[in-house]
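When reading the values below, keep in mind they use all heavy atoms of this one structure, side chains included, and skip hydrogens, waters and symmetry mates. Just so we're clear, the structure is a prediction, and the values are computed from it rather than from any experiment. Quick note: residue numbers are just sequence positions, from 1.
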Amino acid sequence: MALYFKKYYPYLLGIFLLLYAIHCCSRSGDIDLFLASGERFFNGENIYKPSYFDEHISYFYGYPFSMVLSIFHYFPIKLARLTWVLLNFFFLYQIVSISITYFNFNYLDKKDKITLWVLVSLFCVHFLNLNLIAGQMTIFLLFMCLFTLQLAEKKQNFLAGLCLAFAIIVKTVPLVMFLYLIYRKHLKIALFTVLFIPIIYLIPGIFHGLDYCVLQFNDWLDIISLDSESGISRELYEHMHSFTSMSVSYLTQNNLYHGFDRHIASFSYEIVKIIVIFLVLISGICSLFFLRTFPFIQEQNKLKVWWEISYLLGVSILVFPMQQKYSFLFLFPTFLYVSFFYVHIKSNKIIVSQTFKNCLIFAIVISLLLFLSTVDALFGHYVKGFSQYYKLSSFGCIILIIQLGFLPPSLFQKSFKS
């Protein structure tokens, strides 16, 4: 039976993924917004104004991305959705393939490896499903970040700069990778990135003229701006997660949820902005704890590189203001890193105190429950709404990042040296 299953496993997996892809493309999602922006670009219209579908839905991504999406103008809507889901399967495969090159699995037996990937799957499956169902960009952006990192190690500076430039234009979150590459002395990649960004922004001018590019760029800056009170108050939408969203939720007066009140203070928006800036600065200072070397020194230890990237991508969810639940997939490197250490500690391959082990298990369980509390099918609509109201996923992110800080690569290396 086992031999039979092993023989036909690839075919069964392929059938399952195809059926799941068909299920994903049978319903509308954010991909429809992206495709609509491509339609507007194709027609030479403003892709940012007016809003889409109704007055509350806006397009926040860079307009060169809409130029790429305009290719799907000739596709039936369901075929375009299906194509994007299948592309995301490819990106996921590449993400896993790149990730495993940073870890040494030689000390894990088959049971430990199963435990590792089951734990990673428990963390990721909900956020994966959200991204695939909605046709979001998070999987693609995570792939671009890790692919850029892989290209940097291979000294393919030109291609790395091109990939990172396009990723930053699609969404600003990959800026953390740009800053990291500068810190780690990948200066050629940083230079190519800076050169490619204006070039990519100007390419749409070939089709609609430079005036169109200027208009789109200015409208994009306006729509992502949070400088005004009306801008920052948009974070009150319950699907947002970030330092900005948490600060507005807990530090300003807002609506009750079934009689529950989350605000602990009533500050003005000006004070909230200062608090958010302070939290962002603290996050930047904490990055030095993970980097642990002077700037312009390339890190040769692959496990430490992954530790550093795990923090930067994880904390980006909190630092960048307009983040939804889809963005928590950026915690995948952190999920994998923490799970990797958990299975080594659980099987006593890494020796730590019983208290440390218990705290790690407790933190993993709590963060996992906080993430899964938004799953309607598991806990019901009421708990999901409660979780959204109190931003529990954001607290799960903070707890996971704290765990990351207590699991430096030296803990693994010292154990196996001894």
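For Arg184 and Phe296, the positive end is not near the middle of the six-membered ring at less than 6.0 Å and at most 45° from its axis. Cation-pi geometry between Arg292 and Phe289 is satisfied (NZ or CZ under 6.0 Å from the ring centre, within 45° of the ring normal).
Paired with Phe371 under the rule ring pair (Phe, Tyr, Trp, His ring centres under 6.0 Å), one option of Phe379, Phe127, Phe395 passes, and it is Phe127.
Note: Ser70 OG to Ile47 CD1 = 10.5 Å, rounded to the nearest 0.5 Å. Between the CG atom of Leu142 and the CG atom of Asn88 there is a distance of 11.0 Å, given to the nearest 0.5 Å. Expressed to the nearest 0.5 Å, how far OH of Tyr337 lies from CZ of Phe332 amounts to 15.0 Å. Here CD1 of Ile264 is found 11.0 Å from OG1 of Thr252. Values are rounded to the nearest 0.5 Å. The line from CD1 of Ile361 to CD1 of Ile345 is 9.0 Å long, rounded to the nearest 0.5 Å. For the atom pair CG (Leu162) and CZ (Phe192), the distance works out to 10.5 Å, reported to the nearest 0.5 Å.
Between Ile317 and Ser242 the shortest side-chain heavy-atom distance does not fall below 4.5 Å. The shortest side-chain heavy-atom distance between Phe65 and Met137 falls under the 4.5 Å cut-off. Side-chain contact check for His126 versus Thr374: some heavy-atom pair is nearer than 4.5 Å. Looking only at side-chain heavy atoms (C-beta outward), Val315 and Ser287 stay at 4.5 Å or farther from each other. Side-chain contact between Leu116 and Phe105 is present, with at least one heavy-atom pair separated by less than 4.5 Å. Counting heavy atoms from C-beta on, the side chains of Val173 and Val319 never come closer than 4.5 Å.
Taking the six-membered ring where the residue is Trp, Tyr250 and Tyr390 present tilted rings, their angle falling between 30° and 60°. Between Phe147 and Phe143, the ring planes are parallel. Angles under 30° get that label, and only those over 60° would be called perpendicular.
The shortest non-hydrogen separation linking Ile297 to Lys185 is N-CB, 4.3 Å. Of all heavy-atom pairs between Tyr102 and Lys302, the closest is CD2-O, 3.3 Å. Closest non-hydrogen pair, Lys113 versus Leu108, comes out as CE-O, 3.5 Å. Between Pro409 and Phe341, the shortest heavy-atom distance links the atoms CA-CZ, 4.2 Å. The heavy-atom pair separating Ser99 from Leu336 by the smallest distance is CB-CD2, 3.7 Å. Between Asn301 and Leu303 the shortest heavy-atom distance is OD1-N, 3.0 Å.
In this structure, Phe90 has its ring center at least 6.0 angstrom away from the ring center of Tyr93. Taking the six-membered ring wherever Trp is involved, the centroid distance between the rings of Phe158 and Phe196 falls below 6.0 Å.
A side-chain donor from one of Ser394 and His241 sits under 3.5 Å from a side-chain acceptor of the other. Side-chain contact annotation: Tyr48 with Gln216, donor-acceptor N/O pair under 3.5 Å absent.
With hydrogens and angles disregarded, no donor-acceptor distance shorter than 3.5 Å links the side chain of Lys325 to the backbone of Gln388.
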Checklist entry - Could you go step by step and tell me if Ile364 and Phe335 meet the side-chain contact (heavy atoms from CB on, under 4.5 Å) rule? => result CA-CA 10 Å; Ile364 287 174; Phe335 295 150; over 6 Å; no
Item to check | Verdict with supporting geometry, His344 and Phe412, side-chain contact (heavy atoms from CB on, under 4.5 Å) | outcome: CA-CA 9 Å; His344 280 88; Phe412 177 84; 3.5 Å; yes
Checklist entry - Taking it one step at a time, do Phe217 and Tyr63 satisfy ring pair (Phe, Tyr, Trp, His ring centres under 6.0 Å)? => result CA-CA 7 Å; Phe217 185 76; Tyr63 64 88; 7.1 Å; no
Next on the checklist: Test side-chain contact (heavy atoms from CB on, under 4.5 Å) on Met240 and Gln323; report intermediate values, then the result.
Outcome noted: CA-CA 5 Å; Met240 294 296 178; Gln323 301 302 310; 5.9 Å; no
Item to check | Test ring pair (Phe, Tyr, Trp, His ring centres under 6.0 Å) applied to Phe103 and Trp306, step by step | outcome: CA-CA 9 Å; Phe103 294 87; Trp306 195 263; 5.7 Å; yes
Next on the checklist: Between Phe267 and Ser247, is the side-chain contact (heavy atoms from CB on, under 4.5 Å) condition met? List the steps.
Outcome noted: CA-CA 10 Å; Phe267 294 136; Ser247 299; over 6 Å; no
Next on the checklist: Show, in sequence, the C-alpha distance, side-chain angles and deciding distance for Phe75 and Phe72, and conclude whether the ring pair (Phe, Tyr, Trp, His ring centres under 6.0 Å) test is met.
Outcome noted: CA-CA 5 Å; Phe75 284 53; Phe72 291 101; 5.1 Å; yes
Next on the checklist: Run the ring pair (Phe, Tyr, Trp, His ring centres under 6.0 Å) test on Tyr59 and Tyr61 for me, step by step, so that the C-alpha distance in whole Å, both residues' side-chain angles and the decisive distance to 0.1 Å come before the verdict.
Outcome noted: CA-CA 6 Å; Tyr59 180 75; Tyr61 295 80; 5.8 Å; yes
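Applying the side-chain hydrogen bond (donor to acceptor under 3.5 Å, both in side chains) test to Ser387 and every residue at least two apart in sequence or in another chain returns Ser373.
Shown here is Lys357, whose NZ atom has more than 12 heavy atoms of other residues, nucleotides or ligands within 6.0 Å.
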List, one per line, each side-chain donor-acceptor pair under 3.5 Å for residues 17-37, sequence neighbours excluded.
unit_1: Tyr20; atom_1: OH; unit_2: Asn129; atom_2: OD1; d: 2.6
unit_1: Ser26; atom_1: OG; unit_2: His23; atom_2: O; d: 2.6
unit_1: Asp30; atom_1: OD2; unit_2: Gln136; atom_2: NE2; d: 2.8
unit_1: Asp30; atom_1: OD2; unit_2: Tyr326; atom_2: OH; d: 3.4
unit_1: Asp32; atom_1: OD1; unit_2: Arg81; atom_2: NE; d: 3.0
unit_1: Asp32; atom_1: OD1; unit_2: Arg81; atom_2: NH2; d: 3.4
unit_1: Asp32; atom_1: OD2; unit_2: Arg81; atom_2: NH2; d: 2.9
unit_1: Ser37; atom_1: OG; unit_2: Phe34; atom_2: O; d: 2.6
unit_1: Ser37; atom_1: OG; unit_2: Ser66; atom_2: OG; d: 3.0

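Asp112 and Lys346 are not joined by a salt bridge, as no carboxylate oxygen comes within less than 4.0 angstrom of a charged side-chain nitrogen.
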